Every structure is written in C-alpha cells, then in structure tokens.
Protein chains: 2
Amino acid sequence: MKPVTLKQIAEQLNISVTTVSKALKDYPDISNKTKGLVKELAKTLNYKPNSFAVNLRNKESKTIGLIIPEIVHHFFSNVIKGIVEQAEKKGFLVIILQSNESYELEKKQLDLLLSQRVDGILISLANGTADFKHLNEVIDQDKPIVMFDKIAKIVKCSKVIIDDRKAAYAATQHLIDIGCKRIAHFRGPLLPQNSIDRFLGYKKALLDNNLPYDPSLVYICDCGDTSFEDGKNTAKQLLEDHDDVDGIFINTDLVAIGAISEFNKLGVKIPEDISIVGFSNWFMSSVISPTLSTIDQPGYLMGKTAFKQLYKEIKKVKKDEPIIPKIIELNTKLIKRESTNLVLKN
Amino acid sequence: MKPVTLKQIAEQLNISVTTVSKALKDYPDISNKTKGLVKELAKTLNYKPNSFAVNLRNKESKTIGLIIPEIVHHFFSNVIKGIVEQAEKKGFLVIILQSNESYELEKKQLDLLLSQRVDGILISLANGTADFKHLNEVIDQDKPIVMFDKIAKIVKCSKVIIDDRKAAYAATQHLIDIGCKRIAHFRGPLLPQNSIDRFLGYKKALLDNNLPYDPSLVYICDCGDTSFEDGKNTAKQLLEDHDDVDGIFINTDLVAIGAISEFNKLGVKIPEDISIVGFSNWFMSSVISPTLSTIDQPGYLMGKTAFKQLYKEIKKVKKDEPIIPKIIELNTKLIKRESTNLVLKN
DNA sequence: ATTTAAAACGAAAACGATTTCGGTATGTAA
DNA sequence: TTACATACCGAAATCGTTTTCGTTTTAAAT
C-alpha cells in the first residue's frame with residue numbers, strides 16, 4: 001500500500017539503512033553478498049526512492065519548467081515535443097505551463113517554478129511582456145534559464161532563435177523576384193522581438209530593391225486565438241484600402257490562411273492577383289488551396305536545442321562554474337508553393 | 001544567491017524556526033507583532049518554502065503526471081491545454097510525458113511518475129497497449145489515475161470519454177441520409193477502444209438502414225505521424241479496389257484531409273462522387289476545400305473534466321476515503337460541411 | 001599470539017519544513 | 001498569596017535519503 005522505504009528493507013534484512021542505501025548505489029564498501037540480498041528484496045518490494053527526500057538531500061530535482069504562450073499551436077507543440085523528448089533522454093521531467101500571452105500569468109508561473117525548485121527554466125515570452133524583472137530574478141539566483149523563439153534581447157541569458165529578419169527578408173525578396181511591386185505586410189503585435197524583426201526584414205528587402213516603403217501597407221494582426229479571423233478581416237480591409245497590392249508577406253501561416261480563405265471567397269486570385277508568403281510552415285499550409293509559400297521554422301529542433309543548452313548550463317551550475325550566455329541561431333528555409341507560383345507579373 | 005530558509009529568517013530575528021514557520025502559516029499562538037516581523041523579513045528576503053522539504057513532510061507534491069501518445073496533435077494539444085489550465089487553478093503542476101504510441105515507453109513513464117511521487121496520473125493509452133499490468137499497479141497503490149479518450153475498458157479507474165460508437169453511428173447515418181449507398185470506412189488501428197467503437201458504430205448504422213456490411217470496404221489506417229499520407233494512399237487504393245463507393249466515414253480528420261487531397265488531385269469530385277465525414281473537427285477541416293464534415297470532439301473540455309475528476313480522487317485519497325471509479329461521457333456533435341453538402345443522390 | 005591492513009558495516013548529521021507537546025511568562029480570580 | 005487561565009514561544013521528532021567518519025570484523029603477516 002504505502003511506498004516502501006529503505007528503513008523497511010533494512011529491518012527485514014536486519015542491517016542498517018546506511019548499508020541498504022549504499023548497496024543499492026553499488027558502494028565499494030559493501031560486500032557482493034549483501035548487495036545481492038538488498039537488490040533482490042528491493043525489487044520484490046518494488047522499492048522506489050522517495051524523490052522528495054532525494055531532492056532535499058541532493059538539492060536538485062531533475063525537473064525543468066517550461067513556460068509557453070500557447071499550447072494549441074503547431075509551432076509550439078513541436079517545440080514542446082522536442083523539449084520533452086530530449087529531457088526524458090537525459091532523465092529530466094518537464095513541468096509545462098501556459099502563459100496565455102499574459103505578462104501577469106508569466107510572472108506568477110515563473111515564481112511557481114522557482115518555488116518548485118526546478119533545476120532550470122525554458123521560456124518563450126508572452127507578447128505582453130515588456131518588463132524583465134521577473135526574468136532577471138531567475139538569473140540572479142543562478143538558476144539556468146534559456147529563452148527560445150520569443151525572446152528579450154536585453155536579458156542576459158542563452159537564447160535559441162531563428163534569424164527572423166533574414167527569413168522575412170528572404171520571404172519578401174521572393175515576392176519581389178516573382179514580380180511583385182506593391183507588397184503589403186501583415187505583421188504581429190508591436191512588442192515581441194520576432195514580430196519586430198520580421199517587419200524590419202520586410203522593410204529592408206523593399207528598400208534594397210528600390211521599392212518604396214509605405215507604412216499604410218503594414219497591418220497589425222494579433223496572432224493569438226483569433227489569428228484566422230484576423231487574417232480574414234485584415235485581408236478584407238486591405239482590399240478596401242488599396243487596389244494595387246500584388247503581394248503580401250504575412251507574419252504567421254494561420255493569419256495567411258485566413259487571408260487566403262477570404263480572398264478565395266471574394267474571388268481574388270492567388271497568386272495571379274495577389275501572391276502570398278506566410279511564416280512557420282504549419283502543416284495546414286501544404287494542404288490549403290492554393291498551397292501556401294512560407295518560411296519553415298524548425299520547432300522540434302528548437303525545442304531540442306533549447307533543452308540541450310539548458311542541460312549544459314545546469315551541469316555548469318552544479319560544478320559551480322559560471323554560465324556563459326549563448327545565442328544559438330537555427331536555420332530557416334523558404335518553401336515555395338502555389339501561392340507564389342507565378343511567371344513574372346507585367 | 002542560495003535560497004533563503006526558515007533557519008536564516010529565525011537567526012536574523014533571534015527567534016526559533018518553529019515560530020517562523022508558524023508565523024508564516026498564521027498559527028493562533030503567535031503574536032501579531034511577531035507575525036508581522038516574520039512576514040516582512042520573509043518578503044524582503046524573497047523566501048520561498050523548499051518544496052522538497054514540504055513534500056517530504058506532507059507526503060504530497062501538488063503535482064500530477066500526464067502521459068499522452070502524441071503532443072503535436074490538434075485534439076491532444078487541446079486536452080493538454082484543458083488539463084494544464086485547470087490544474088493551475090487548483091494549485092497543481094503538470095508533468096508531461098509523451099508515449100509516442102509505444103507500450104514500452106508508456107510503462108517506463110508511468111514508473112517514472114510513480115518514482116516522482118506525483119499525486120495522480122492522467123493518461124491516454126498508446127495504440128500498442130494491450131497489457132494493463134502497469135496501470136493496475138498504480139491502482140493497487142491507491143494512486144488516483146484517470147484515463148481519457150484512449151482507454152482500456154477493463155481497467156478499474158475513472159474514464160473520460162466520448163461515445164465513439166454513437167458518434168460514428170451519427171456520422172454514418174448522415175452519409176446515408178444524403179443518399180450514400182456504398183459507404184467505406186477508413187478505420188484506425190485494431191487495438192484502441194475508440195477505433196473499435198467507431199468501427200462498430202459505422203457497422204451498426206449500415207445494418208440498421210438495411211445496407212449490407214462489406215468488410216472489403218473497411219481499410220486500416222495508422223493515424224500516427226503518417227496520417228496524411230495514409231489518407232492519400234488509402235484513398236487511391238480504395239479507387240482501385242472499388243468503383244462504386246459513394247461515401248466514406250473516416251476515423252480521423254487528418255486522414256480524411258489526406259484523402260480529400262488525393263481525390264482532388266485525381267479529379268474525384270467531393271461530395272458529388274464521394275461524400276466524406278471525418279472525426280475530431282480539427283481546425284484544418286474548416287479551411288480545406290471542400291470543407292470537411294466531421295464529428296466535433298471536445299478536447300479542451302475533456303482535459304478539463306479529466307483533471308477535475310482526478311482532483312476529486314486526490315482529495316478522497318487524502319481523506320482515506322475509497323475511490324469510486326466514474327465514467328464520464330462527453331457529448332459530440334456532427335458538423336455538416338461541404339464534403340457532405342449534397343442533394344440526394346440518384 | 002600479536003600486530004596490521006583491508007573489508008564490511010553503522011551511527012549520526014545533514015537537507016528544510018511541520019507539528020506536537022511542553023514550557024515560560026503574564027494576568028486574573030480566589 | 002496561591003491557583004489557574006491565557007498568550008507566546010521553542011525543543012525535538014519526523015519525513016526518507018545520502019554521506020562522512022568511525023567502528024567492528026576478518027584475513028594476512030609477523
């Protein structure tokens with residue numbers, strides 16, 4: 001019924017708790033005979049060390065915390081998978097928390113994880129996070145923390161990201177290459193770094209190609225729960241505002257899919273009238289009609305990489321060595337599909 | 001640097017550890033003055049109770065384990081979200097593990113969670129799980145465990161499910177209602193209960209409507225990583241095998257989407273030539289062309305409900321009361337879309 | 001038989017919080 | 001003055017492991 005303890009094993013064998021503990025951990029000062037007896041009894045009693053006691057002694061939990069803005073999300077769920085799998089390989093368990101894009105929740109959750117004495121933290125910031133005290137607190141406690149995807153450049157910790165600016169540049173350049181002259185941008189919220197960087201990449205591509213940058217062609221989408229609706233609405237708005245746009249670079253596939261949906265409904269031909277490039281390479285993008293050109297964003301790899309970095313830092317801290325923050329940039333890839341499948345315009 | 005302990009607070013205030021502990025927990029035998037002092041210092045020192053020590057004393061971790069076959073999955077990620085949100089509300093943390101549809105992994109992970117001394121376990125079984133010893137072990141230890149979606153009827157624990165048979169029946173009946181006479185079924189693997197039940201619902205609907213049941217019209221799809229491809233291949237195979245099929249009830253939306261994709265490519269008209277109903281109501285189903293009729297499966301609610309049930313059982317166990325296993329059935333809904341949008345055939 | 005080294009085991013202190021059970025004060029009533 | 005509450009506080013045991021530092025036992029050497 002109640003879990004077996006070392007003490008019970010010791011009593012049954014008429015030896016001390018110390019000996020039992022040592023036998024199970026193969027200490028050299030225990031005879032093979034005793035080891036055999038102990039291990040056998042431990043197995044038949046189905047002994048499992050009490051992790052609370054072990055953690056208390058060893059001051060480590062073999063557990064990490066993960067804070068993510070949204071679980072139901074193609075990219076993030078891939079990240080989660082990468083983290084969880086890699087963690088298990090190294091004997092770590094993952095506590096998952098969802099910030100719901102809320103700064104307040106994020107703060108509370110970080111605190112929760114600290115109370116829980118996790119060995120390290122992986123976090124992708126909420127859109128609303130503009131203040132970083134809560135993150136710096138973690139760092140001040142020498143608790144390893146690695147940020148991924150949605151990061152704050154200013155915080156001094158390791159980060160795993162993609163080069164959003166470069167990727168956005170490539171996406172926009174692709175639109176230009178197929179002949180687009182008036183390219184709009186559906187960007188994400190104002191705060192998150194990747195949303196900023198994607199916008200900057202878009203802008204730079206325009207300027208480098210001697211195309212005018214027109215702020216009225218830049219629309220803001222929430223990219224949250226309402227992404228799809230956002231895409232539809234923004235697409236409609238765009239048509240009302242401008243009749244000469246021939247290409248759009250969109251911050252997120254889901255928004256892009258909303259836009260495509262709306263354009264399909266309104267009879268706007270893609271890619272003939274308007275060509276579109278999305279971002280993230282959601283599975284859906286390869287299925288929708290027309291299939292969506294996009295930037296492939298390696299979620300699974302990002303999760304895996306983030307955990308690996310965190311793991312290194314956890315080991316460092318255990319050896320009382322200083323953590324040297326590292327910025328790891330993962331490669332993205334432009335995926336050309338039907339939504340930009342066009343011979344040159346004009 | 002190192003986390004603050006009760007002892008440090010006690011020393012700074014020249015009082016005992018006992019008093020500090022009691023003050024923080026508002027024991028009546030501590031003066032308000034002392035309480036004030038202690039609480040203030042605790043706050044300025046940013047004291048957080050060491051969860052290992054607390055757990056060790058209290059024999060509870062305020063943590064539950066979640067084992068799920070696949071994280072990157074529309075339905076399951078909704079379940080996860082429901083669980084995580086509800087758990088946090090009740091002050092519980094969730095450790096997430098992915099079995100990858102592997103019985104061996106599932107067994108190992110259950111053991112891990114038991115070692116970790118989680119207060120309860122939520123699990124959706126791997127397809128490969130046909131032996132239930134590992135689950136019964138948990139129950140024998142009086143550790144609450146609630147199964148959801150992919151369950152084993154024979155295991156004596158609470159379960160949160162949908163009535164797969166009824167839902168499948170409704171889906172098939174819908175195909176019949178719009179005039180389909182030769183209805184195929186792409187079923188899931190042989191083992192999981194829901195895959196079996198959906199098949200049975202399909203079969204019963206045929207017989208109840210005096211349509212012959214033809215085993216050669218039932219195809220098995222993996223419904224794993226390769227769902228989409230599976231759908232495409234099976235669709236192609238179906239066309240080769242039978243030229244008279246006019247409707248398909250498909251075990252999973254993703255497989256259905258693969259099938260639609262293939263039919264679109266091959267020029268088979270949906271719903272005119274073949275009508276299709278899927279299962280789960282993945283977001284994608286409302287976006288694909290034609291939009292897919294399907295069964296709405298309440299993932300978020302299922303997660304929420306499963307946690308609530310687990311929570312009740314955890315409280316029961318704490319009060320040394322017996323657990324009475326409960327089976328909770330959630331409602332599904334037939335969603336009619338373009339893939340069955342047809343005036344009667346013939 | 002005595003010494004010495006090696007092998008095998010255990011006592012006890014930690015880890016940090018909780019809680020029971022007493023022990024001082026202080027004040028009030030007899 | 002004594003008796004008795006009441007209000008406050010603390011010592012110590014406990015949870016289950018780990019690990020240090022002895023201690024005992026055994027075997028080998030003198």
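A note on names: the letters A, B, ... follow the listed sequences, proteins ahead of strands, and every chain is numbered from 1. All values reported here derive from a predicted model rather than from experimental measurement.
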Nearest whole Å is fine: how far is [N] [atom2] from [X] [atom1]?
X: A/Leu56; N: D/dT18; atom1: CG; atom2: C1'; result: 10 Å
X: B/Lys35; N: D/dC8; atom1: NZ; atom2: P; result: 9 Å
X: A/Asn58; N: D/dT19; atom1: CG; atom2: C1'; result: 10 Å

Under a 4.0 Å threshold between the charged nitrogen and the carboxylate oxygen, would [Y] count as salt-bridged to [X]?
X: B/Lys150; Y: B/Glu101; value: yes
X: A/Lys304; Y: A/Glu85; value: no
X: B/Asp26; Y: B/Lys39; value: yes
X: A/Asp111; Y: B/Lys48; value: yes

**Prompt:** Would you call the rings of A/Phe76 and A/His73 parallel, tilted or perpendicular, where under 30° means parallel and over 60° means perpendicular?
**Reply:**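 If you compare the ring of A/Phe76 with that of A/His73, the planes turn out tilted.
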**Message:** Any residue in residues 22-31 of chain B with a heavy atom nearer than 4.0 angstrom to DNA chain D? Just list them by number, or reply none.
**Reply:**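 Output list: B/Lys22, B/Asp29, B/Ile30, B/Ser31.
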**Asked** Would you say B/Lys143's side chain and B/Val118's backbone share a donor-acceptor pair under 3.5 angstrom?
**Response**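 Between the backbone of B/Val118 and the side chain of B/Lys143 there is a qualifying donor-acceptor contact (under 3.5 Å).
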**Message:** Whether the side chain of B/Lys81 engages the backbone of A/Gln98 through a donor-acceptor N/O pair (distance < 3.5 Å, no angle test) should be reported.
**Reply:**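 Looks like no, no N/O pair under 3.5 Å.
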**Request:** Look at A/Lys59 and D/dT18 and indicate whether a side-chain polar atom (N or O) is within less than 4.0 Å of OP1 or OP2.
**Result:**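 No, no such contact exists.
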**Request:** Take B/Glu313 and B/Ile324 through the side chain to side chain contact (heavy atoms under 4.5 Å, CB included) test and state the conclusion after the steps.
**Result:** CA-CA 8 Å; B/Glu313 299 190 358; B/Ile324 301 125; over 6 Å; no
**Asked** In residues 3-20 of chain B, which residues come under 4.0 Å of DNA chain C by heavy atom?
**Response**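 Output list: B/Thr5, B/Leu6, B/Val17, B/Thr18.
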**Item:** Distance-only polar pair, side chains of B/Ser99 and B/Ser102, donor-acceptor under 3.5 Å
**Value:**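 No, no side-chain donor-acceptor pair sits under 3.5 Å.
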**Message:** Of all nucleotides in DNA chain C that come within under 4.0 Å of a heavy atom of chain A, which is furthest toward the 5' end and which toward the 3' end?
**Reply:**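 Taking any atom under 4.0 Å from a heavy atom of chain A, the span is C/dA8 to C/dG16.
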**Prompt:** What distance do B/Leu66 atom CG and B/Gln109 atom CD have between them, rounded to the nearest 0.5 Å?
**Reply:**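 Here the rounded value is 10.0 Å.
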